[in-house]
J.: 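A single structure is presented below for examination.
Just the heavy atoms: all of them, side chains too, but no hydrogens, waters or symmetry mates, feed the values below.
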Amino acid sequence: HPFKIGTALHTGSEKNTSEAIKEYYNEFFIITDRHIEEAMKLESLIPKAKKLVPDGEYEIKIEDEHFIGFIDLLAPTTVFKREVEVPNQYDIYDFKYSNNVDNYMDSKQLHLYKYFFEKNNPGKYIKNLYYLFVPKTSIRQKKTEDLNQFRMRLKGEIEELEPHLVQIEYDPEKVIEFMIDVKELLETDEYPKDMTYLCNFCEFQKYCVEGEDYMLLPKNERRNIEKIEKKVIWIYGAPFTGKTTF
């Protein structure tokens, strides 16, 4: 599950790899080979990612009447090869376990974090905005491979992956666009279907996309029992007395 893997990545960056994998496994009732292979990726990539970011505070909440957000890492701005901290100046780091770098470069997320952090913390400023991209690999086991052969190939693939930092420039227009989008959302009364890859993570996909409606609850309305043609009969009996066979 991509969200649970992303959460584990955050935990590993803040704490350590073993805590991240423990948290990841605890999200599931059954651990399969696929889970173990994701843990292999985390075990290799988390130490590489941690080397790229400085010390700081994790999961910093920004909240006011207009916005709620969480900064993955807020670190003091430093100069002279990270040896001297600049008073009241900070850098924001956001972790992304993704190969879709271009999509995030157009995101409003970090621009909003800077704007609302400074708005809610007078006298403190955000100097730099960074994305930490941790790359993915999605290779699968071939029919000609046994499990050990596949994992050896996977291990080699993972070892070649390198997380990297990407700095973005603050653009106040992104904040204005966000405010306009919110205004339009609050005022709209029509919601046309907009199918994207995110549908794959939605619990209503079967209903919305494929039309499977067997899980819909019946309408909450009174029925006229005089017109009922079908009747439901409840059969009570002790276990294993033949109810199902009957």
Side-chain angles (χ1 to χ4, degrees), residues 1-14 20 24 34 37-38 40-54 56 58-60 62 67-75 77 90-118 126-140 154 156-185 188 191-202 205 208-209:
H1 194 294
F3 299 142
K4 294 175 181 178
I5 297 171
T7 299
L9 175 66
H10 283 68
T11 299
S13 301
E14 181 177 357
Y24 174 64
R34 303 292 82 81
E37 287 146 17
E38 291 302 325
M40 289 171 59
K41 299 173 188 178
L42 292 170
E43 188 174 27
S44 175
L45 292 169
I46 287 174
K48 295 179 182 179
K50 285 177 69 72
K51 291 179 181 179
L52 297 178
V53 295
Y58 289 83
E59 293 297 316
I60 300 299
I62 312 168
F67 184 80
I68 298 176
F70 291 87
I71 298 174
D72 287 346
L73 173 61
L74 183 70
T77 301
Y90 302 87
D91 298 336
I92 288 177
Y93 294 81
D94 194 77
F95 308 144
K96 300 298 182 188
Y97 189 36
S98 174
N99 296 328
N100 297 322
V101 176
D102 291 340
N103 288 349
Y104 287 108
M105 297 304 291
D106 194 44
S107 170
K108 303 176 180 68
Q109 183 182 6
L110 293 189
H111 306 274
L112 293 167
Y113 284 178
K114 171 180 166 64
Y115 174 80
F116 283 103
F117 178 85
E118 293 178 348
I126 300 297
K127 182 173 178 58
N128 300 306
L129 304 173
Y130 296 99
Y131 281 119
L132 172 60
F133 287 103
V134 180
K136 287 183 177 181
T137 178
S138 301
I139 63 171
R140 298 187 178 185
L154 177 63
E157 184 84 11
I158 297 170
E159 288 175 351
E160 295 182 5
L161 298 178
E162 291 294 336
H164 59 284
L165 286 173
V166 176
Q167 184 175 1
I168 64 170
E169 294 296 325
Y170 174 64
D171 182 359
E173 291 291 329
K174 295 284 188 182
V175 180
I176 297 172
E177 290 173 11
F178 173 78
M179 296 299 191
I180 293 173
D181 288 344
V182 171
K183 179 177 179 295
E184 291 178 352
L185 284 171
T188 192
Y191 304 92
K193 187 182 295 186
D194 183 19
M195 294 171 57
T196 70
Y197 77 96
L198 295 174
C199 294
N200 295 323
F201 307 118
C202 178
Q205 183 185 30
C208 179
V209 178

J.: Roughly how far apart are Leu154 CG and Glu37 CD, rounded to 0.5 Å?
T.: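 Output value for this atom pair is 6.0 Å.
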J.: For a side-chain contact (heavy atoms from CB on, under 4.5 Å) check, start with the C-alpha distance between Val175 and Tyr170, then their side-chain angles and the critical distance, and finish with the verdict.
T.: CA-CA 10 Å; Val175 180; Tyr170 174 64; 3.8 Å; yes
J.: To the closest 0.5 Å, what do you measure between CG (Asp181) and CE (Met179)?
T.: 11.0 Å
J.: Just list the side-chain donor-acceptor pairs under 3.5 Å for residues 102-111, sequence neighbours left out, or say none.
T.:
residue : atom : partner : partner atom : Å
Asp106  : OD1  : Lys174  : NZ           : 2.9
Ser107  : OG   : Gln109  : N            : 3.1
Gln109  : OE1  : Lys96   : NZ           : 3.0
Gln109  : NE2  : Asp94   : OD1          : 3.2
Gln109  : NE2  : Tyr113  : OH           : 3.1
His111  : ND1  : Asp171  : N            : 3.0

J.: Looking at Leu42 and Ala8, what are the two nearest heavy atoms and their distance?
T.: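 Distance-wise, the nearest heavy atoms are CD1-CB, 3.8 Å.
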J.: Please check this pair: side chain of Lys50 against backbone of Ser13, looking for a donor-acceptor N/O pair closer than 3.5 Å.
T.: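 Yes, Lys50 side chain to Ser13 backbone: donor-acceptor pair under 3.5 Å.
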J.: What distance separates Tyr97 OH from Thr7 OG1, expressed to the nearest 0.5 Å?
T.: 12.5 Å
J.: Parallel, tilted or perpendicular, judged at 30° and 60°: which one describes the rings of Phe178 and Phe67?
T.: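 Correct class here is perpendicular.
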J.: Checking the side chain of Asn128 only, and the main-chain atoms of Asp91 only, is there a donor and an acceptor separated by less than 3.5 Å?
T.: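 No.
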J.: Does Val101 form a side-chain contact (heavy atoms from CB on, under 4.5 Å) with Tyr131? I'd like the steps, not just the answer.
T.: CA-CA 9 Å; Val101 176; Tyr131 281 119; over 6 Å; no
J.: Rounded to the nearest 0.5 Å, how far does CE of Met40 lie from CD1 of Ile158?
T.: 5.0 Å
J.: Take atom CD in Glu169; do more than 12 heavy atoms of anything else shown fall under 6.0 Å from it?
T.: no
J.: Determine the interplanar angle of the Tyr197 and Phe201 rings, folded into 0 to 90°, and report it as parallel if under 30°, tilted if 30 to 60°, perpendicular if over 60°.
T.: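 The rings of Tyr197 and Phe201 stand perpendicular, inter-plane angle above 60°.
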J.: Minimum heavy-atom separation for Ile68 to Phe70, with atom names?
T.: CG2-CE1, 4.3 Å
J.: Kindly indicate whether the side chain of Val53, heavy atoms from C-beta on, has any atom under 4.5 Å from the side chain of Tyr130.
T.: no
J.: Listed by chain and number, what are the salt bridge (Lys or Arg N to Asp or Glu O under 4.0 Å) partners of Glu43, not counting sequence neighbours?
T.: none
J.: Working to the nearest 0.5 Å, report the span between NE2 of His164 and CG of Leu52.
T.: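 Going from NE2 on His164 over to CG on Leu52, the span is 10.0 Å.
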J.: Test Tyr90 against Leu74 for side-chain contact (heavy atoms from CB on, under 4.5 Å), laying out the working first.
T.: CA-CA 6 Å; Tyr90 302 87; Leu74 183 70; 3.6 Å; yes
J.: Identify the heavy atoms of Ile5 and Tyr24 that sit nearest to each other, and give their distance.
T.: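 Closest heavy-atom pair between Ile5 and Tyr24: CG1-CE1, 3.6 Å.
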J.: Minimum heavy-atom separation for Asp72 and His10, please, with both atom names.
T.: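 Nearest heavy atoms, Asp72 then His10: OD2-NE2, 3.0 Å.
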J.: So which atom in Leu45 and which in Pro135 form the shortest heavy-atom distance, rounded to 0.1 Å?
T.: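 For Leu45 and Pro135, the tightest heavy-atom pair comes out as CD1-O, 3.6 Å.
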J.: If we ignore hydrogens and angles and just use 3.5 Å, is the side chain of Lys114 paired with the main-chain N or O of Ile126 as donor and acceptor?
T.: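 Confirmed, Lys114 side chain pairs with Ile126 backbone.
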J.: Mind checking the CD1-CD spacing from Ile62 to Glu118? Nearest 0.5 Å is all I need.
T.: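 Result: 10.0 Å between the selected atoms.
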J.: What are the two closest non-hydrogen atoms of Ala20 and Ile46, and how far apart are they?
T.: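 Nearest pair, atom of Ala20 first, then Ile46: CB-CD1, 3.7 Å.
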J.: Tell me whether the count of non-hydrogen atoms from other residues, nucleotides or ligands lying under 6.0 Å of NZ in Lys127 goes above 12.
T.: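 Result for NZ/Lys127: open.
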J.: Can you confirm whether more than 12 heavy atoms, excluding those of Arg140, are under 6.0 Å from its CZ atom?
T.: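 Atom CZ in Arg140 is not packed in, count stays at 12 or less.
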